[in-house]
Each structure stands twice: as structure tokens, then as C-alpha cells.
There are 2 protein chains.
Amino acid sequence: MNTSWIDKFKGLSRLPDDIRTALVAGSQIVTVPAGTQVFAPGQTADNLLLLLDGTVRVQQKSDTGREVFLYRVHAGESCVLTTACMLAFEDYSADGIAETDVTAVAIPRKTFDDLAAKSPIFREFIFTAYSRRITDLFTLIDDIVFQRMDVRLASRLLELANADNVVRATHAFLGTELGTAREVISRTLSEFQRRGWIEQSRGEVRLTGREGLERMVKSAGAEV
Amino acid sequence: MNTSWIDKFKGLSRLPDDIRTALVAGSQIVTVPAGTQVFAPGQTADNLLLLLDGTVRVQQKSDTGREVFLYRVHAGESCVLTTACMLAFEDYSADGIAETDVTAVAIPRKTFDDLAAKSPIFREFIFTAYSRRITDLFTLIDDIVFQRMDVRLASRLLELANADNVVRATHAFLGTELGTAREVISRTLSEFQRRGWIEQSRGEVRLTGREGLERMVKSAGAEV
DNA sequence: TGCTTTTGGTGACATGGTCACCAAACTGTC
DNA sequence: GACAGTTTGGTGACCATGTCACCAAAAGCA
């Protein structure tokens, strides 16, 4: 039995051998293609997912059809919201989408509960994951309420850029990512371009002057 | 040993007798006066609080000194953020203040961990509490991003009004409550007054036409 | 090629946040 | 009561952002 994936998760690496064995035996590795809805309100989720590879985007759907990005689950993190999903709250309306092809460890409810009973380290791992999400949401709220749009966009561009300093995203995508309107993104990007920080082409932003963006973010005392 | 407070918490009422005894024996009832800081970043919290009476206001402090209200913990709910506080995340900056005199059950870390190991029902109670907070934050974010200020204020006034339809709060307080500026509250309240929905006096808003406020809230498909 | 869809640009306008002030209402002190 | 200081609320000007109504260019497709 291969337990090697366990060490991808910081909080789990200290698990004793018997728990590691139980965890691996009681779970399975799954892959889901990009675009799959990993969880959704009303849909019973009977697995806790630990991401080995890829990213999951968690977003809030409003009544009016618009969407706000909440957070992104990366490899090495767990998608605790699926456990909240298990509990099925009435008015809750967030869903999770695989942004890329995703490989994950699926821990069924029974295994999850057994381990939570037996292992203090596993418990701490779960509580830490919950707390991390909560504090992430705190900083997101702080950001939305207090931070200027141009700073938030600059910060997000730096985050999303690949090794070639290119962000592959439409203005509309960046809009939902920051919970704003496409027009606002268009205007702000034009301004960035005027300052020589970026070049634009359809569906793509090329960062030609990271320093400018970084300066803007830093001088605003930026959160992520 | 008096275990009667346990039944104030919906998720705990199903606890078996031995766990009830352990919970009561391993915790104590505390009271804190209004205005006390219940938890804060950097401050080690070694107790999980279950509120028996009073309310705790959880708010985010921004770098610039402004504050946003995040949520309110009521009697019968647990203040799970103290557990997050135990974990002490770097960039986390929310604090909790007793808004009224508060009576609470303080569960020290050791008892908490013992019970989490022994009782599936206790575990579920804790996970439910976490999930509840997370979904609360989701609806808050949705509200901030999509809802108009006048609707949010109307909704909040209805919530905060006492039995006499009076809200005792300054404009500045309502401002932090909704994450906006005092001036915006002043303007919006003037408009409500013009429409005959409220009367104002210093530090006090009297709801003289709840129907109008309720209509506004309902027609916006309102969240809390 | 022409038609449709996706993406991006733009002006006009409404809402909300910020700033600078002022005025009125309370508080405490003499 | 008179006075000064503090708290609370009101207001106009201005800027940032969200909304709406269009249009145009680019890409996809029959």
C-alpha cells in the first residue's frame, strides 16, 4: 500500500503508521476532468477531498445569476466545504468547480469519522483546514470592503500569471474573480496598459512591467 | 452536577449520559461583562465558548483602523473562532467583543479534545458550528457585493429593533455594522424618514412604518 | 463567404465612499 | 447657568465603482 501521498499534506506528515495505513486503506484516489462540478448545494457529498493535483474554484452564486469567487483550493489542501455540504444547510449556495484536471484523495464519511475519533493529529488537520478557510474569507471581506479595485486587479494578475508572465483570462473572467463588472476590468486594464505595465490581446494579458504592478500592490499594504 | 444547560444547544441534546457528565465536569460556567474582548489575534485562547446568554460581536480590523462587522454569536451558539484563534494564524485579524454581559460555558482544550475523540455527536456539533460560520460568511459576501445599501440598512434595522420598534444605535455604529461610512447611513436614514418609515432622535431610530422597510427588503429578495 | 458568438470598448448615469466642514446635542466642570 | 469639550448628525463636492445601452472587432462555424 502506497502511503507516499500523505506527506504532501503538511498537517498529516506526523501521523503514526497505524493511522496512515487506515487512511490509505479507507480512501481512494480519484481523478476528475476540468470543468466538473465537485460539489454543489443540494448534492450530497459523501467524501472529503484532499487535492493532490490541480485546483478547485469555490464560488458563490447569487440569486441574480452573477457569481463571486470565494477561494481556490490548491494541491496539498483539503476541500472542507464538502463536509459542510454533507450537512446540507438550507440557504447555502456555493459550489466547487474543477478548474483543471484534478487528482484527489476521496475520504468517505465513515473513514473520516473513524480517523477523527482515533487521531488527534488528524483532528487538528481538519480543524486547521476549517480555520484556514474562515480566515481566508475574513481577508477576502476586508479586501472587498476596503481595497481599491485597481490594487486588487494588479494583485490578482500577479497571482494568475504563468512562468511567461502571461495571464490567460478574459475580462469577464477577471470580473467574476474579483466580484466586479467586466467594464471595470476593461477600464482598469486600459489604464495599466497606458502606464506600460501590461499588453493586451484577446483572452490574454501579458505582464511587461511587473514592477509597476508590484509597487501598486505593495504601497497599498496589500492582502493577497 | 447540573447538566441542564446542555439542552440549550440543539446539536448537543442527543449526547449520551456519560458524555454529558464528562462535558459538565470538564468545563465551567463563566461570566464576562459587556465590552470585554473575548478573543483577539495573538491572544492565546484556551477555551471554546458556548454562549448561554448575551451576544458576542465578531469583527475584522483593517490596517487603516476601520472595522467591519462579520457576525454575531447568540445564546445557544458556539464561538468556534476561538478554536481558530488557538491555532494562531499569521495574518488573521478578527476579534470578538462581548456586546452585552455574557454567560458562557468555557470548555478547555483538553476537555474539547477528549470529547471530540469520544463522541461522534460532539464532533458533529463542532463541524456544524464551523460550517454554519462559513456559510454565514458566504451570505455576507453575497450581500456586500450584490445588495444595495438601502436594502441592507432596512434589513438590519428590522433585525436590531427591540420590542418597542426602537433601534438604539448611532449612525457610526450602523456604519461599521454594514461596513460602510457614517455619511451613507445618515443619507439613507434621511430618505427613510422622508418616506415616513422611521423617526430619528440622537442615538435612536424609531420604526414607525415597518411595512415600508419590510416591503423594501422583501422586494430585493433579501438575505438576512 | 456570411452569420453567430465571444470578447472588448465606451459614454452616460446612479450609487456609494471620502473629505472637509459645520451644527446641534450631550457631558462635565466651575 | 455658563463654558468648553466631546459625541453625534447633516451636507456639499468629488471620486471610484457599478449599471445600462450600445457598438465594434475577433474568432468560430456552416
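Each chain gets a letter, A, B and so on, in the order the sequences are listed, and its residues count up from 1. Computation of the quantities below employed the complete heavy-atom set of this structure, encompassing side-chain atoms and omitting hydrogens, waters and symmetry-equivalent molecules.
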Next on the checklist: With a 4.5 Å cut-off on side-chain heavy atoms, are B:Arg206 and B:Asp164 touching?
Outcome noted: no
Checklist entry - Between B:Glu204 (CD) and D:dT7 (C1'), how many Å, whole number? => result 16 Å
Item to check | Atom-pair distance (CD on B:Gln200; C1' on C:dA24), nearest Å | outcome: 14 Å
Checklist entry - Just wondering, are more than 12 heavy atoms of other shown residues or ligands nearer than 6.0 Å to CZ in A:Arg195? => result yes
Checklist entry - Looking across every strand, which nucleic acid part, if any, lies under 4.0 Å from A:Arg148 by heavy atom: base, sugar-phosphate, or nothing? => result sugar-phosphate
Item to check | Ring center gap for A:Phe122 and A:Phe127 short of 6.0 angstrom | outcome: no
Checklist entry - Given atom CD1 of A:Ile185 and atom P of D:dA16, what is their separation to the nearest angstrom? => result 16 Å
Checklist entry - What nucleotide among D:dA13, C:dA25, C:dG9 has an atom nearest to a side-chain atom of B:Arg202? => result C:dA25
Checklist outcome for this item: Closest to the 5' end of DNA chain D, once B:Gln193 and A:Asp150 are matched to their nearest nucleotides, is B:Gln193
Checklist entry - Going by the angle between their ring planes, with limits at 30° and 60°, are A:Trp5 and A:Phe9 parallel, tilted or perpendicular? => result perpendicular
Item to check | Any side-chain heavy-atom pair of A:Val145 and A:Ile141 under 4.5 Å | outcome: yes
Next on the checklist: Is the phosphate of D:dT7 approached by B:His171 (side-chain N or O, under 4.0 Å from OP1 or OP2)?
Outcome noted: no
Checklist entry - With sugar-phosphate meaning primed atoms plus P, OP1 and OP2, does A:Thr180 contact a base, only sugar-phosphate, or nothing at under 4.0 Å between heavy atoms? => result sugar-phosphate
Next on the checklist: So does A:Ala34 get a backbone contact from the side chain of A:Asp101, meaning a donor-acceptor N/O pair under 3.5 Å?
Outcome noted: yes
Checklist entry - Between atom CZ in B:Phe146 and atom P in C:dG16, what is the gap in whole Å? => result 15 Å
Checklist outcome for this item: Atom CZ of B:Arg194 and atom C1' of D:dG10 are separated, to the nearest Å, by 17 Å
Checklist entry - Over how many whole Å does the gap from A:Leu189 atom CG to C:dG9 atom P extend? => result 8 Å
Item to check | B:Thr176-B:Glu67 side chain donor-acceptor pair, cut-off 3.5 Å | outcome: no
Checklist entry - Given D:dT11, D:dT8, D:dT19, which nucleotide is nearest the side-chain atoms of B:Glu183? => result D:dT11
Next on the checklist: Counting only side-chain heavy atoms from C-beta out, which of C:dG8, D:dG18, C:dG16 sits nearest to A:Ala181?
Outcome noted: D:dG18
Checklist entry - Quick one: B:Arg187 CZ to D:dA13 C1', roughly how many Å, whole number? => result 10 Å
Next on the checklist: Whole angstroms only, please: what is the CZ-P distance between B:Arg152 and C:dT15?
Outcome noted: 16 Å
Next on the checklist: For D:dG10 and B:Ser186 - does any side-chain N or O of the residue sit under 4.0 Å from the phosphate oxygens OP1/OP2?
Outcome noted: yes
Checklist outcome for this item: Taking five pairs at each terminus, the helix from C:dT1-D:dA30 to C:dC30-D:dG1 shows an axis bend, to 10°, of 30°
Item to check | Among D:dC22, D:dT17, D:dT11, the one nearest A:Arg182 by side-chain distance | outcome: D:dC22
Item to check | Contact nearer the 5' end of DNA chain C, comparing A:Ala169 with A:Val145 | outcome: A:Ala169
Checklist entry - Is it true that a side-chain atom of A:Lys8 and a backbone atom of A:Leu52 form a donor plus acceptor pair closer than 3.5 Å? => result yes
